[in-house]
Trainee: 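If you scroll down you'll find the structure; I have some questions about it.
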Amino acid sequence: MTNKKVIPNKISELQQERLKFKPILPNVLKNHPSTIVAKLISATRSVSAQETIKKLFPKTYGMPEVIFSKGKNSQIKKKVVKVGVVLSGGQAPGGHNVIAGLFDGLKKTNSKNKLVGFLGGPSGILENKFKELTKPLIDQYRNTGGFDMIQSGRTKIETPEQFQKTKDVLIQNKIDALVIIGGDDSNTNAALIAEYFKQENVNINVVGVPKTIDGDLKNDKIETSFGFDTATKIYAELVGNICRDVNSARKYWHFIRLMGRSASHITLEVGLKTQPNIILIGEEVKQKNMTLAQIVDYIVDIIVKRAEMKKNFGVVLVPEGLIEFIPEMKNLISALNDILADNEITINSLTNIEEKRNFVYSKLTVELANLMKSLPDNIETQLMLDRDPHGNVQVSLIETEKLLIDMIKPKLSEMKKNGTYNGKFSAITHFFGYEGRCGAPSNFDANYTYALGFNAALLVLNNLTGYLSSVRKLVQKPQNWVCGGIPLTMMMNIERRKGKEKPVIQKALVNLDAKPFKYLKQNRETWALNENYLFPGPIQYFGPENLTFMTTKTLKLEQSNK
Ligand code: FBP
């Protein structure tokens, strides 16, 4: 035995202050749960393919939307309940506060209620790995970023064996309800599990919570997913700093790729916050049916115009998912998805990338094989990498900003030779994603996530299953937020995944007819040639309310005049 003193884990000054932050609960949730009623609004239907989805979800399709309001509730579960919670998918600021809100909601209803956290994402359920979440543990994580309290993972519960195992593990541990905190794929899973339990007559409620920095899990009833606010504030700070740097040094073009696997919401929001010279929006590229070459031409045109004004500098924002929005690339990726899924064993048996490539070329149409061959080697290799567990290409590994630069350079050299360009092009690349996913939640996200968690507790205690926790009217003060639940099947459509048609929650892409994109469109020509940069600076946790309670530009514009 040594006499070494155990040094307690130190926390930073900011962490100490953030632990003291008391999230503001919407007024309706401040009442005792026995005085909050779940009002059932009218029956719902899925966003499309209603008949098909109804058949796939016979027990949970068409349930009514729920709104909580003040009133006597004699139905609320009075007996002691044990709830399991799991974090699923990529980290998003505020996950710990969802758990804290859930815990507080359960305890307020009955101090004997228990909460356990499955470890490492949905695989924690399958492997029966969990820990009890007690007050002393949760108190250490209030208002902190990250998912480290119980970690996360991307395992999908999809096979009949996995459903059976989920049921067995929950029953074995006497769990009465499961709360899944995740994005569109994870909440699709939540819907499938809820339906399965109903069909099996298992009395375990399943409720989801909308999480993802990507902002693509939203609709009229889910105004934003949590984490989007904080992550975009962090990226906007960094992009703003780079804008100031380019404007000071005036010698580099910065190409910044921003996370957002399938939608360009992050890029749009950060673009509106910082007003750089070029903001590419994947959804627009798709709508205009643009080729990679046309995107390159668009950027080159601005570089040349700025060079004519002796401005050999600028900032370009590139959404992570751009490549999949380019129709020809999308066709290539979807053909690759099918080929890789159908020929998994053969491809895995091939020993080197050359052989794999040749095999894939032989399965592609001549047109797509030529497109693939025209890409730089490293991009080709990245396209051949394994998919994630949801069957998606791992676009976060594709360095689109470098691909664009590799295609811009020869174009500019050619123009130099024929005398149509006389500038200097020096490019620097960045990828911002992980820098923002675990940031300390902004006050907006800290309040929003706490409310989502508390609200999820009320949903399960009111015996509701197959619902997504919904907190709305988010541009208003948190006290006035509207709380309730949205049936998960209401958000579903049919999509092709891993070569098969599947019911999934529809991803919300950037709406090109909505105000946020229109604002960009009105201003981008001015921003391209001038230096209208904005410098949003770091997230403000303390100080004047116009800074500490600022929501996203997206939400503000979307909800103006509503
Ligand atoms: P979720 O959709 O699971 O919230 O994840 C979002 C995200 O941050 C994307 O923006 C990014 O493409 C992806 O996760 C990267 O995930 P990973 O680190 O697991 O590769």
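Values below: all heavy atoms of this structure, side chains included; hydrogens, waters and symmetry mates excluded. Counting starts at 1 for both ligands and their atoms, following the listed order. Computed from a predicted structure; not experimentally measured.
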Trainee: Does this structure show an ion pair linking Glu324 with Lys507, if we count only N-O contacts that are shorter than 4.0 Å?
Mentor: no
Trainee: So is Gly183 close enough to ligand 1, meaning a heavy atom under 4.0 angstrom away?
Mentor: no
Trainee: For ligand 1, which atoms sit closer than 4.0 Å to a heavy atom of Gly90?
Mentor: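 Heavy-atom distances to Gly90 below 4.0 Å select 1 (P), 3 (O), 4 (O), 5 (O).
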Trainee: Could you tell me whether Thr212 approaches ligand 1 through its side chain, its backbone, both or neither, with non-hydrogen atoms closer than 4.0 Å?
Mentor: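 Thr212 to ligand 1: contacts from backbone and side chain alike.
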Trainee: Heavy-atom contacts with Ile213 under 4.0 Å: which atoms of ligand 1 show up? List them by number with element.
Mentor: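 Near Ile213, the atoms of ligand 1 are 8 (O).
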Trainee: Is it true that Asp229 and Lys233 have a side-chain N and a carboxylate O under 4.0 angstrom from each other?
Mentor: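 Yes, this pair counts.
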Trainee: Hey, what's the ring geometry for His254 with His430, parallel, tilted or perpendicular (30° and 60° as the breaks)?
Mentor: parallel
Trainee: Any N or O on Ser88 sitting closer than 3.5 Å to an N or O of ligand 1?
Mentor: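 No: no nitrogen or oxygen of Ser88 is under 3.5 Å from one in ligand 1.
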Trainee: Using a strict cut-off of 4.0 Å, indicate which atoms of ligand 1 neighbour a heavy atom of Gly260.
Mentor: 10 (O)
Trainee: Could you report the tightest heavy-atom contact between Ser152 and Phe147, atom names first, then the distance?
Mentor: CB-CD2, 3.4 Å
Trainee: Name every donor-acceptor pair, under 3.5 Å, that has one atom in a side chain of residues 481-492 and the other anywhere in the protein, sequence neighbours excluded.
Mentor:
{"unit_1": "Trp481", "atom_1": "NE1", "unit_2": "Lys473", "atom_2": "O", "d": "3.4"}
{"unit_1": "Trp481", "atom_1": "NE1", "unit_2": "Gln476", "atom_2": "O", "d": "3.0"}
{"unit_1": "Thr489", "atom_1": "OG1", "unit_2": "Thr60", "atom_2": "O", "d": "3.4"}

Trainee: Can you list everything that forms a side-chain hydrogen bond (donor to acceptor under 3.5 Å, both in side chains) with Glu401? Sequence neighbours excluded, please.
Mentor: Arg257
Trainee: Below 4.0 angstrom from a heavy atom of Tyr434, which ligand 1 atoms are there? Numbered from 1 as shown, please.
Mentor: 15 (C), 17 (P), 18 (O), 20 (O)
Trainee: May I ask you to establish whether Arg437 and Tyr434 are in a cation-pi arrangement, using a distance under 6.0 Å from NZ or CZ to the six-membered ring centre and at most 45° from the ring axis?
Mentor: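 Not flagged: Arg437 not positioned over aromatic ring of Tyr434.
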Trainee: Any atoms of ligand 1 less than 4.0 Å from a non-hydrogen atom of Asp214? List them with their elements.
Mentor: 6 (C), 7 (C), 9 (C), 10 (O)
Trainee: Flag Met259 as yes when one of its N or O atoms lies below 3.5 Å from any N or O atom of ligand 1, and as no otherwise.
Mentor: no
Trainee: Below 4.0 angstrom from a heavy atom of Gly89, which ligand 1 atoms are there? Numbered from 1 as shown, please.
Mentor: 3 (O)
Trainee: With respect to atom 15 (C) of ligand 1, which of Lys507, Arg437, Gln91 exhibits the smallest heavy-atom separation?
Mentor: Arg437
Trainee: Consider ligand 1: state whether an atom of it lies below 4.0 angstrom from any non-hydrogen atom of Lys211.
Mentor: yes
Trainee: Do the rings of Tyr235 and Phe432 sit parallel, tilted or perpendicular, given the 30° and 60° boundaries?
Mentor: parallel
Trainee: Is it the side chain (CB and beyond), the backbone, both or neither of Arg154 that lies under 4.0 Å from ligand 1, heavy atoms counted?
Mentor: side chain
Trainee: What closest approach, in Å, do Ala236 and Val270 show between heavy atoms, and which atom pair accounts for it?
Mentor: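 Minimum heavy-atom separation between Ala236 and Val270: CA-CG1, 3.9 Å.
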